[in-house]
Amino acid sequence: MQSTHGGGSPALSGMLAPLEPSPPVDRIAAEERAQSLAKRSIKKSAKVAGLRLAIQMMDLTTLEGSDSRGKVSALCMKARSPSPGDHGIPSCAAVCVYPNLVPIAKEALAGSSVKVASVATAFPSGLSALSVRLDDTRRAVDAGADEIDMVIDRGAFLSGEHARVADEIAAVKEACGDAHLKVILETGELGSYDNVRRASDLAMYSGADFIKTSTGKIQPAATPPVTLVMLEAIRDFYFATGRRIGMKPAGGIRTAKQALHYLVLVKETLGDAWLHPDLFRLGASTLLNDVLMQLKKEESGAYQGDEYFTKD
Amino acid sequence: MTIKLVEEKALMGQDRRRAERRLDFGHAWDYAPAPEGTDHVRLASRYDLFIDGRFEPPGAGRYFETINPATEARLAEVADADERDVDRAVAAARRAYDQVWARMAPLERGKYIYRIARVIQERARELAVVESLDGGKPIKESRDFDVPTAAAHFFYYAGWADKLRYAFPGHAVRPLGVAGQVIPWNFPLLMAAWKIAPALACGNTVVLKPAETTPLTALLLAEIIQEADLPPGVVNIITGAGKTGAALVGHPGVDKVAFTGSTAVGKHIQRALAGTGKRMTMELGGKAANIVFADAPIDQAVEGVISGIFFNQGHVCCAGSRLLLEEGVHDTFVRKLRDRMATLRVGDPLDKNTDVGAINSKMQLEKIRELVASGEEEGAERFSAPCELPERGYFFAPTIFTGVAQSHRIAREEIFGPVLSVLTFRTDAEAVEKANNTFYGLSAGVWSNKGARLFKMASQLEAGVVWGNTYNKFDPSSPFGGYKESGFGREGGRQGLAAYLVVE
């Protein structure tokens, strides 16, 4: 770790505390805790408030090879106004796309509060030369991305090259300039909660603004226990440095019930400060309509057919 | 000199900034009340004694009230059994033993026990609600722990009924006769299951007395036993206070006494029964140490410590009521405990989001208050969870004491409430010494990432159960019981059969 935190990259020197060994994570107990929080009963006013919050925290995502101008524009319209004609429904936090589609999203979202997030660094594997990944990042930022979702090199991490992973994150952070950096750990490939915790610590100590579970291309993607372990890492980092890092579970979150479960995890692990789109996001492509359907149901008392919700 | 001053100032600034870092568990997003429905529960206004398969009024016609500790409202009246009622119950159990149960083919006995288990499952929602109403425990605990574990005990021992000769290879086994069983108020239905299931599987008959503050689920169990069509007299359930219990355990027709409760009453029973030849098992008090090493999975250890002491309001004989922290991890761990305590939801036991419910009785609440006051007087530092307590009912905010010494009363006496005493240690040997420095010996917890250390500690701790990187885990197949003044005899598992058999 000397290379990163002894000399330090210019962006980081003087800013961070030295990186200590990460605490171990007990798998059974962590899963049990996440499961116990799934039993919170969220009804009526709590459900409505939670679902509205979930919309405001949503990074509406499309990351397909077939993504086009039309697809991205439509998604942006949905993010600005998730339920046309219903002015009570808030906008989403961001739209998340591939770098080439950033200009289209930027244009479609002009004048709105919705941010443009772009995956970068040779998403989803990250297995390209660092110079290519940095260039990918700069181009996305230059095209107008407000937020960059990078991937770590899991191969390097798993073969023990933690210092290299940390240095690369720091380099991408530098390339981001003013854009916010979300670091995707791809927890489904890390193999243990101990590794999830270690990668979270590396990312935060190397300059991440957010840590994010998954690309959505690997199963399992986000899970409640993985999210809990990352939230606990964020909590320890906050007490060690005073910096509040954001959290983004992504992939596999399809139902309103799941979204509420994630909010419960945040509320009971990190408290009120993190119940805000600046510090918590949900990365999802199909979640929004289920949340809208549940909100309508709370309002009218009956479920509406899915043809009442726009498919984008 | 100047440089040193500047450094000191910078350090002070750093300390201040550190002190300002705190989590806010406020009202940014509140959970709405989520009360469990009670429409499906029909409580009678009065319950009689369950003797010889029927509900019968007590001979003297006396009844007492059982109340809901969360509201102080009256729930029902239950019979107060006197010596003559005990006599009738024991006589019914003896008849059933001689004429039916001991003679029955073991496979058939097993079928009855399976039937009880299944009816408990069918009536699980009702049992859970009544358990929370009568005892004050959160519905999520009675629903997810007490009732399913009670059913599991009947299922488990039903399976043993026709396999007893395999439990003790090379030995012949036979039942003891009539068992007199007295159970506490902290897990009313579950303790009834722990007592009745192995006794029946081994061919004994039973007279059971539930605690006077929590008789209702045992009386529902009596209905279930009727529904399961158990032969009359095999299980008798009589209600009353300490006098009834004394009459039961002292009755000459009782061959075996099984008691779960306080060490003081346990000792009293042992004195009274000395020389009578009655077999006894005692599951008494505890003052368990939860030992956390610096290399432990800290966030999971925090969870374990929290559930170890606040589960069931701390009304748990194996509660981890002493926390031994390796010195280097003390400050961080205590900070994490306080943050975690801020998220505990204290209040209405029937709300599905309640984590800590009502203290079981006014008497118990007063005992907790008295011991907490002694902790403050003796100089330990108190922190109580910042929660609002309901105006009515018996509630006590989850509390921890730091700076506790071995000599403080709160480090030695069983509080049986949501109160944790935090101590520190430096080495493994010191941890063992402090953990064992108690006249109790029921349970202990060890938290470390080193497997070898877990096993070494487990072998040195004088406790019937030692949990490693977990706490309060129960399974019917796992024996439970104490060392020293925490009692003797084991309940659960193959070992639990020995308490109800003559092994020759």
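All values below come from the heavy atoms of this structure, side chains included, with hydrogens, waters and symmetry mates left out.
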Exercise. Can you tell me how far NZ of A/K257 sits from OH of A/Y262, rounded to the nearest 0.5 angstrom?
Worked result: 14.0 Å
For this session: Carefully, step by step, assess A/E32 and B/K473 under the rule salt bridge (Lys or Arg N to Asp or Glu O under 4.0 Å).
Result: CA-CA 12 Å; A/E32 205 171 76; B/K473 285 282 174 293; 3.3 Å; yes
Exercise. Taking A/G50, A/P23, A/P21, A/S45 one by one, which has the highest count of heavy-atom pairs under 4.5 Å against chain B?
Worked result: A/G50
Seminar exercise, completed: Most heavy-atom pairs under 4.5 Å with chain B, out of A/G242, A/A29, A/G271, A/P24, belong to A/P24
Problem set entry | Derivation of the ring pair (Phe, Tyr, Trp, His ring centres under 6.0 Å) call for B/W447 and B/F333 | CA-CA 13 Å; B/W447 299 81; B/F333 203 91; 8.6 Å; no
Problem set entry | Under 4.5 Å from a heavy atom of chain B, the part of A/L231 involved | neither
Exercise. What option among A/L228, A/I28, A/V264 has the most heavy-atom pairs under 4.5 Å with chain B?
Worked result: A/V264
Exercise. Hey, does the Lys NZ or Arg CZ of A/R40 hover above the aromatic six-ring of B/Y31, less than 6.0 Å from the centre and inside 45° of the axis?
Worked result: no
For this session: Flag the one option from B/T470, B/N449, B/D339 with the top tally of heavy-atom pairs under 4.5 Å to chain A.
Result: B/N449
Seminar exercise, completed: Greatest number of non-hydrogen atom pairs under 4.5 angstrom with chain A, of B/N469, B/T332, B/D295, B/N353, falls to B/N353
Problem set entry | Pick from A/L53, A/L275, A/V25 with the largest number of heavy-atom pairs that fall under 4.5 Å of chain B | A/V25
For this session: Please flag which part of B/R22 lies under 4.5 Å from any non-hydrogen atom of chain A: side chain, backbone, both or neither.
Result: backbone
Exercise. Is there a donor-acceptor pair under 3.5 Å between the side chain of B/K336 and the backbone N or O of B/V302?
Worked result: no
Problem set entry | Winner by heavy-atom pair count (cut-off under 4.5 Å) against chain B, out of A/R244, A/E232, A/K43 | A/E232
Problem set entry | Reference residue A/D209; test salt bridge (Lys or Arg N to Asp or Glu O under 4.0 Å); the match among A/K248, A/K182, A/K173 | A/K173
Problem set entry | Pairing of B/D146 and B/K137 as salt bridge, 4.0 angstrom limit | yes
Exercise. Under a 4.5 Å heavy-atom cut-off, does chain B meet the side chain of A/T269, its backbone, both or neither?
Worked result: backbone
Problem set entry | Criterion ring pair (Phe, Tyr, Trp, His ring centres under 6.0 Å) on B/F311 and B/F145, from CA distance to verdict | CA-CA 11 Å; B/F311 180 66; B/F145 178 74; 5.3 Å; yes
Exercise. Is it the backbone or the side chain of B/A296 that comes under 4.5 Å from a heavy atom of chain A, or both, or neither?
Worked result: backbone
